[in-house]
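Proteins get letters first, then strands, A, B, ... in listed order; numbering begins at 1 in each.
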Amino acid sequence: MELTGAEIFVECLKEEGVETIFGYPGGAVLFIYDALYKQQDKINHILVRHEQGAVHAAEGYAKATNKPGVALVTSGPGATNAVTGIADAYMDSVPLVVFTGQVPRALIGNDAFQEVDIVGITRPCVKHNFLVTDVRELATTIKKAFYIASTGRPGPVLVDIPKDITVARCEFHYPKEITMRSYNPTYKGNKRQVRRAVDLMLEAKRPVLYTGGGVVLSGAAHELTEMTRELGFPITETLMGLGAYPSMDKQFIGMLGMHGTYEANHAMHKADLVIAIGARFDDRVTGNVDKFCPDARIIHIDIDPASISKNVHVDVPIVGDVKHVIIDLLEELRSRTERPDPAALAVWWNQINEWRKVNCMKYTQEPEGPIRAQYVIDKLWELTGGEAYVASDVGQHQMWAAQFYKFNKPNRWINSGGLGTMGFGLPAAMGVQLAYPDETVACITGDGSIQMCIQELATCLQYRLPIKVITLNNGYLGMVRQWQEFFYQKRYAMSTMDTQPDFVKLAEAYGHVGMRIENPADVEGALKEALAMKDRLVFMDFVTAQEGNVYPMVPAGAGHNEMILV
Amino acid sequence: MRHVISILMENEAGALSRVAGLFSARGYNIESLTVAPTDDATLSRLTLVTRGSDEIVEQIVKQLNKLIDVVKVMDLSQYSHIEREMMFVKVGVEKNSACEAVKRLSDIFRGNIIDVTDKTYTIELTGDSSKLDAFVNALKEFRILEVVRSGSMGIARGEAALRA
């Protein structure tokens with residue numbers, strides 16, 4: 001039977017098992033929306049309030065489930081509004097398929113109403129993109145889009161569909177399998193490299209496992225935990241990798257990098273072997289690359305060959321899927337009679353425990369003093385038993401959340417790492433809550449970030465998403481202010497927000513519960529009350545210490561051993 | 001360092017732009033670029049000449065391999081290889097003496113005169129880039145009206161081959 005392009009679109013989503021999509025209608029996608037309307041029992045479409053929100057929500061959904069997130073927006077401004085989210089997904093390797101409407105083929109290039117060359121605009125920030133030029137190619141293109149987005153190193157794929165394609169008809173056939181001669185990700189690591197890596201692990205005196213978002217994306221948390229315990233090595237995680245290894249375990253030495261722990265950064269600096277797994281040696285992690293791990297040999301496991309030796313020279317590269325490679329490493333390790341040198345490891349752990357005594361995350365919550373942001377997150381962690389899904393925005397609150405919410409499971413920490421997109425948190429939390437309606441989803445945000453996508457509070461009401469919004473309100477763009485304090489002699493240029501809305505009234509205006517908390521004594525009670533409201537979004541405005549800083553800190557350009565402590 | 005990069009890619013709209021984008025995003029100039037379909041019409045072969053540090057070019061080559069449209073990449077600079085470029089030069093020959101001199105130079109460089117009018121000669125010349133430079137230089141005393149160069153194309157010597 002012949003179907004229209006719009007009907008084919010819906011059939012393809014069903015074939016891919018897509019249950020939820022995020023979007024916003026407009027002229028170029030009206031036929032698609034009409035087709036969705038007729039099958040609304042099959043595909044749950046979430047109407048956001050801004051296209052940026054649609055893409056972040058799809059990202060949140062994808063990060064929490066490891067399934068591709070799907071967004072649908074119209075041409076022109078609909079498409080350009082989606083670009084920030086697409087770039088964000090590209091930086092954090094989020095599997096995403098974004099559909100944009102386009103003006104009819106005959107008008108492309110004519111400066112038609114709501115026309116932009118979105119394929120051209122997004123080319124540098126997508127894994128791949130397509131302009132559909134023939135309805136007979138639509139189904140195969142969508143199949144390719146999902147395949148590319150979710151395999152290898154995941155990433156966003158954009159499919160631009162001209163309006164006339166959505167009314168054109170053809171026979172619908174959805175390919176079951178797809179092969180592409182130019183795209184064949186490597187999953188299995190090279191055996192010889194695996195043996196070399198195990199040789200180095202067995203020789204190491206001061207080893208560190210340094211793991212990243214790739215472990216979460218690969219679904220390899222269990223395998224990583226098993227290998228780490230088998231080896232007895234200390235493990236540190238990047239911002240994107242948090243939760244892959246249980247944070248409460250004694251082998252976990254905290255996050256590394258700019259706002260990582262003293263013990264993690266010093267361990268990296270003194271290590272004689274660094275085992276990087278699904279991490280990409282980002283500048284926020286390495287600090288000054290010339291001073292990075294001066295004594296270490298480096299093993300790097302990554303599915304993306306372009307990540308190998310990009311920033312730091314690697315001694316043993318293993319290109320492959322993290323999960324496959326860890327399984328092979330474990331097997332190789334267990335086939336050997338030798339074990340890592342226990343005496344050397346004992347000395348190494350003693351040294352690490354000395355660094356731990358610095359207690360680099362210490363802070364004091366004075367009973368009468370202003371609320372400390374750290375204290376709020378500490379309490380949230382306690383009250384949720386470390387089991388909540390935590391979406392965050394970008395800034396000081398993000399770093400504090402990463403430091404103080406101790407994740408024990410992967411896919412629970414949902415944040416914008418690479419691009420650092422303010423406004424990510426709330427829509428991402430929506431995506432998570434829609435994926436897991438019965439779970440506790442918190443959005444840790446700041447008074448700056450929350451206002452970048454605050455319109456999504458309306459979406460949360462429409463779909464009754466009981467997110468707990470925890471705004472750490474210090475009246476500043478806190479991270480900007482911190483840098484101005486440290487590096488610009490306290491000239492607080494444009495980092496002060498002198499006028500803020502009344503967030504309680506704002507939340508209420510959107511139909512939610514609003515709370516303002518000013519005293520430390522009220523923090524725990526307010527959080528308990530909010531968490532108990534299972535069916536309401538609660539917006540908590542915590543008035544926190546105005547000039548709190550995130551410590552410790554490796555200043556940009558410094559080495560891991562040159563940290564600023566409190 | 002000069003690099004000659006050969007790319008085999010899908011013969012599709014947008015593929016060239018993706019390749020060029022990797023260079024422009026890093027502020028790297030493409031010195032020359034030549035592209036055409038191969039014996040398999042679904043594939044294009046592209047030769048690109050750029051200058052840059054070995055590390056950055058190595059990174060670009062990895063990124064090129066990552067592009068979905070790109071099937072294979074080869075940095076020819078790392079192989080023994082042959083390069084050729086084609087050029088058309090149109091020269092003003094109003095004086096009889098110029099006709100003779102231009103014809104002689106063209107012969108010396110093994111060029112072909114492919115178009116003649118009473119005022120112009122158009123010469124076709126093939127060779128590596130330095131030979132073409134030398135010819136243009138030798139023509140300096142005449143009135144050069146136009147120079148059209150194809151950009152280098154390259155192929156590895158012997159068994160090494162870029163195949164899908």
Asker: Relative to chain A, which of B:K72, B:Q63, B:R18 shows the most heavy atom pairs under 4.5 Å?
Answerer: B:R18

Asker: Any chance you could measure B:K66, atom NZ, to A:S307, atom OG, to the nearest 0.5 Å?
Answerer: 6.0 Å

Asker: Chain A: which of B:G21, B:G14, B:A164 shares the most heavy-atom pairs with it under 4.5 Å?
Answerer: B:G14

Asker: Do any of residues 120-134 of chain A come closer than 4.5 Å to chain B, heavy atom to heavy atom, and if so which ones, in number order?
Answerer: A:R123, A:K127, A:H128, A:N129

Asker: If I take atom OG from residue A:S182 and atom CE from residue B:M9, how far apart are they, to the nearest 0.5 angstrom?
Answerer: 11.5 Å

Asker: Let me know if B:T42 has heavy atoms under 4.5 Å from chain A in its side chain, its backbone, both or neither.
Answerer: both

Asker: Could you tell me whether the side chain of B:D69 reaches within less than 4.5 Å of the side chain of A:M180, counting heavy atoms only?
Answerer: no

Asker: Answer yes or no: does atom CG of B:N96 have more than 12 heavy-atom neighbours from other residues, nucleotides or ligands under 6.0 Å?
Answerer: no

Asker: Give, for atom CD of B:E55 and atom OG of A:S309, the distance between the pair rounded to the nearest 0.5 Å.
Answerer: 11.0 Å

Asker: Do B:K62 and A:D304 pass the side-chain contact (heavy atoms from CB on, under 4.5 Å) test, and can you show the C-alpha distance, the side-chain angles, and the key distance before you say yes or no?
Answerer: CA-CA 9 Å; B:K62 284 182 181 174; A:D304 178 7; over 6 Å; no

Asker: Can you tell me if B:K90 has over 12 outside heavy atoms packed within less than 6.0 Å of its NZ?
Answerer: no

Asker: Is atom CD of A:E137 surrounded by more than 12 heavy atoms (other residues, nucleotides or ligands) closer than 6.0 Å?
Answerer: yes

Asker: For A:D111, does the CG atom sit with more than 12 other heavy atoms under 6.0 Å from it, leaving out its own atoms?
Answerer: no

Asker: Looking at B:L8, B:V61, B:L43, B:L67, which one has more heavy-atom pairs under 4.5 Å with chain A than the rest?
Answerer: B:L43

